[in-house]
Amino acid sequence: MPLLTAALRLPVAYVGVAGSRRTHEERLARLRGAGPTDHELDRLRSPIGLDLGARPPETALSIAAEIVAHPRAGAGADLRPGAHPLARRPADGRRSQQSGVRMTVSPVGREVARVDGRLKVTGAARYSGDYSATNTSYAHVVTSTVARGTIRSIDTVAALAAPGVLRVYVAGDGRLRLYALAPEFSFFGGNYIPLQDRTVHYYGQIIAVVVAGSVEQARDAAALITVTYDAQPPRSSLADGPREPSDPTSSGEPSSVTVLAPGVESIDEALAASEVVVEADFEQPVQHHAAMEPHTVLAEWDGDGVTVHAGAQMPTPFTILLAQRLGVLPQQVRLVGRYIGGGFGARVIVWSEAPVAAAAARELGRPVKLTLTREQMFTLVGHRPHLIQTVRLGASRNGVLNAISHESVAERPAAGGWNMIPGHSTSDTLYNTPNLRINPQQVILDMPSSWAMRAPNEAPGAFALETAMDELAVATGVDPVELRLRNYATVSPSTARPWSSKHLDECYRDGARRFGWSARSATPRARVDGQWLVGTGMSSAAYPAARQAASVRIRLRDDDAAVVSTGTSDLGTGAWTMVAVAGADALGLPLERVTAEIGDSALPPGAPAVGSGATHSTVPAVVAAARDTIAALKQLAVTHSGSPWHGATAEDLRYEQGRLHGNDRSMTFGELLRALGSRGLDATASEPAGDPPGYSFHTFGAHFCEVRVNRFTREIRVTRFTTVVDAGRTINARAARSQIVGGVIFGISGALLEENHLERDTGRLAASTLADYLVPVNADIPDIDVHLLDRPDPHLTGPLVEDGGEVGTRSLGARGLGEIGTVGSAAAVGNAVFNATGIRVRKLPITLDKLL
């Protein structure tokens, strides 16, 4: 998610809370030293008191998240060990049982089972819907049945008389007291205030909520509400309105890009001068996140503070956004979401259900739990927008590119939505070309709010570009792998910056060998096996690898165990295990002696689980926290009168695998802490967002696909799939492969199954159930061969200074990989279908009727 990879990122200089400009170094010095001034804190305690200037919304949110979460700003109670099942403390009688255990082999890069796996398979892991509170009431929302207009009347008499009903709130009655987001944050929550007026922005908008003593009572009463509208015809087609330029990129740059060779006046001139030109239009429909866990919110107030149990990909920013909706201070909101059953972008921003539930709990004076139905999730928590793209490629007869033009027009809902720029990180990244033009546009429609969905710009952009590249391979007679090697970009085409690390050529060669690409016939319909036409296709993949801000606390305990705490989220991606693995590696401890704490805004603000950035943003902060914790341990050892090293200097001591050595003495940290009567010692470290200057940071990959298409029915079966990925150093090989497999399944699903038909006259998305909106099942997906190159990036998470083998000296060099599997995999499927049938399908999904 390119825009959200900057969600906790700060530029080299920013406009601070007092209006002055400060560099990264100055900001870090303040956060690690004296911190914000009292004047600044007074301003921060107001949800509208942030003087952030004309910064992009994600930058403004990042500044607020970092400073508001500073301990002196009162970010919330410290979450100590023992707060949840993964942080249980051994009984005192077992404290010293394993004090001599040391890490013999680092868990980094190995096949590590999830540390939370047993909790999940036994049902002990608590998701948002599993939490309860004393005297809980239950809410059910009523949604609009028109896409544009105003509510004339809402009849609630029967609902109010229904059994168990406590409250019925309707649009415009004002009792829920919700507020607009500050302008710099509005991108993360829509541009209207839920239930505060009677304007209808899209079909499926929340217009009323019933609160009752049980789920069933609330649902049944909601069905008794009747609504009349003054409806208007909705704008529901990309042909319904004027095209507007897309918004700027996350860095604030114009979304349109033009790079021309000397003497070339326009991209059209460059294309006209090319010996071979390929031009095609590509269309992709609305797609939905379809997460396994429904969106559930439990809101419970204690005085003027509220604790919200909900799934959130950015816990600390979530509290800031929800506080603004509620009109309270960010420090009055705590988000707990330790386990999340899938997000894929849908749990990035604050939708309507969390503010509505929290406001209802406040007004009612008792906890409120609200769970969206499956159908409601299709309209209330975002979707990938409808998109049409035009790609033109100009090349020599031997396939060397001279020009790439990538134009697009995307749906942009009037209620707010995702800024779709599909040419970025695809056409401006993958291939060397002297002439480049990217021009994204949008049309304002009366649709439910759209939002980022796994590889939000890159997946649709790669489908268009990589399909066009396959068409160029056919037009020039050059093998698709060789065509990509001939146009291999050694620097970023749009910025001319070198890559921090790039081994995409190895991905091509490795993937071709593993897949058996050399046996492929370039002639469509050349391979027949009984009733089946067999075809193969391939594609490239690239995804940005921007680092986000993260803070980590490490606590060394007197039982020779450690707790690593950071407020990131685990969407099922393995973040629990990643944090534990990084901590074990940094401290030199066995993995079983390290406990992870995540998923709570009361923890140090962690990297947001967006943009494939959580791992490579968190690991450097873990390393820094380990260094600071060990430094604090040494300082304690030389200053405490009860220490055997009292009076020595910290430089006399050496830490190694859980033990301090020096002056002919050796003790584990637990032994030292017990000797000094201390239960534990901790330190917190923060790492800034942003990448080292001078480089372009991306993860790369190559996909190879085999399909079978029935000669008579046109049924399509994906039978083999190989993906090779260059994602830097692998932290957990098992989880990494799982993430790539999941991303590829997303691509196969988008290529062959996913479509939600829009009724143009009503604005209704007609396939808004999991019975009608098709996603893959096991029978649709073959075994997917995933290979990770495991080549550390020397710049992204390092280089770190060698200091004689002590803690934190290794540059792990990890890059993100949660979304790279989705980029280009749909194109690989489509290219294989063409090779099998000779029919080129440019409008997804590829259904049977399009092959007849």
Side-chain angles (χ1 to χ4, degrees), residues 1-10 56-69 75 185 187-189 250-251 289 291 310-322 330 333 335-340 342-351 354 381-382 418 451-456 543-552 565-576 578-579 596-622 686-691 697 739 796 814-819:
M1 309 176 191
L3 183 57
L4 289 179
T5 56
L8 287 183
R9 185 188 311 168
L10 293 175
E58 68 282 353
T59 301
L61 184 58
S62 79
I63 297 168
E66 267 194 277
I67 307 297
V68 168
F185 299 153
F187 178 71
F188 293 96
S250 60
S251 62
H289 305 83
Q313 294 178 233
M314 304 192 302
T316 301
F318 184 98
T319 64
I320 296 170
L321 297 171
L322 182 56
V333 180
L335 182 282
V336 179
R338 297 192 179 101
Y339 297 96
I340 301 172
F344 318 116
R347 287 182 162 98
V348 170
I349 69 175
V350 175
W351 300 103
V381 296
W418 182 253
W451 194 248
M453 180 174 165
R454 200 173 195 168
Y543 193 84
R547 199 165 77 181
Q548 304 153 4
S551 297
V552 172
S565 308
T566 184
T568 191
S569 296
D570 192 333
L571 315 180
T573 52
W576 282 104
M578 175 271 291
V579 171
E597 288 185 332
I598 66 172
D600 192 322
S601 65
L603 297 172
V610 299
S612 301
T615 294
H616 65 248
S617 302
T618 300
V619 169
V622 172
S686 299
E687 287 295 306
D691 304 321
F697 295 84
Q739 282 298 290
L796 188 60
R815 289 199 303 266
L817 47 70
E819 294 167 272

Hits for side-chain contact (heavy atoms from CB on, under 4.5 Å) against Ala312, two or more places apart or cross-chain, chain-then-number order -> Phe318, Leu335
Heavy atoms only: give me the nearest [X]-[Y] pair and the separation to one decimal.
| X | Y | result |
| --- | --- | --- |
| Phe188 | Ile349 | O-CB, 2.8 Å |
| Pro608 | Ala549 | CD-O, 4.3 Å |
| Ile320 | Pro330 | CG1-CB, 4.3 Å |

Under the 3.5 angstrom rule, does the side chain of [X] hit a backbone N or O of [Y] as a donor-acceptor pair?
| X | Y | result |
| --- | --- | --- |
| Ser612 | Glu819 | yes |
| His616 | Ala546 | yes |
| Glu687 | Ser617 | no |
| Asp691 | Arg547 | yes |
| Thr568 | Ala607 | yes |

Give the C-alpha distance, both sets of side-chain angles, the deciding distance and a yes or no for side-chain contact (heavy atoms from CB on, under 4.5 Å) between Gln313 and Ile340. CA-CA 9 Å; Gln313 294 178 233; Ile340 301 172; 5.6 Å; no
Rounded to the nearest 0.5 Å, what separation is found between the [atom1] atom of [X] and the [atom2] atom of [Y]?
| X | Y | atom1 | atom2 | answer |
| --- | --- | --- | --- | --- |
| Glu597 | Thr566 | CD | OG1 | 10.5 Å |
| Thr316 | Leu321 | OG1 | CG | 11.0 Å |
| Asp570 | Met578 | CG | CE | 8.0 Å |

Should Trp576 and Ile598 be marked as a side-chain contact (heavy atoms from CB on, under 4.5 Å) after you check the CA-CA gap, both sets of side-chain angles, and the distance that decides it? CA-CA 7 Å; Trp576 282 104; Ile598 66 172; 3.6 Å; yes
Non-neighbouring partners of Arg347 that pass salt bridge (charged side-chain N to carboxylate O under 4.0 Å, His left out), sequence neighbours left out: Glu293
Is there a side-chain contact between Gln548 and Val610 (heavy atoms, below 4.5 Å)?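 Yes, their side chains come closer than 4.5 Å.
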Apply side-chain contact (heavy atoms from CB on, under 4.5 Å) to Val336 and Asp600, showing your working. CA-CA 5 Å; Val336 179; Asp600 192 322; 3.7 Å; yes
Evaluate the ring planes of Trp418 and Phe187, with Trp represented by its six-membered ring, and classify them as parallel (under 30°), tilted (30 to 60°) or perpendicular (over 60°). tilted
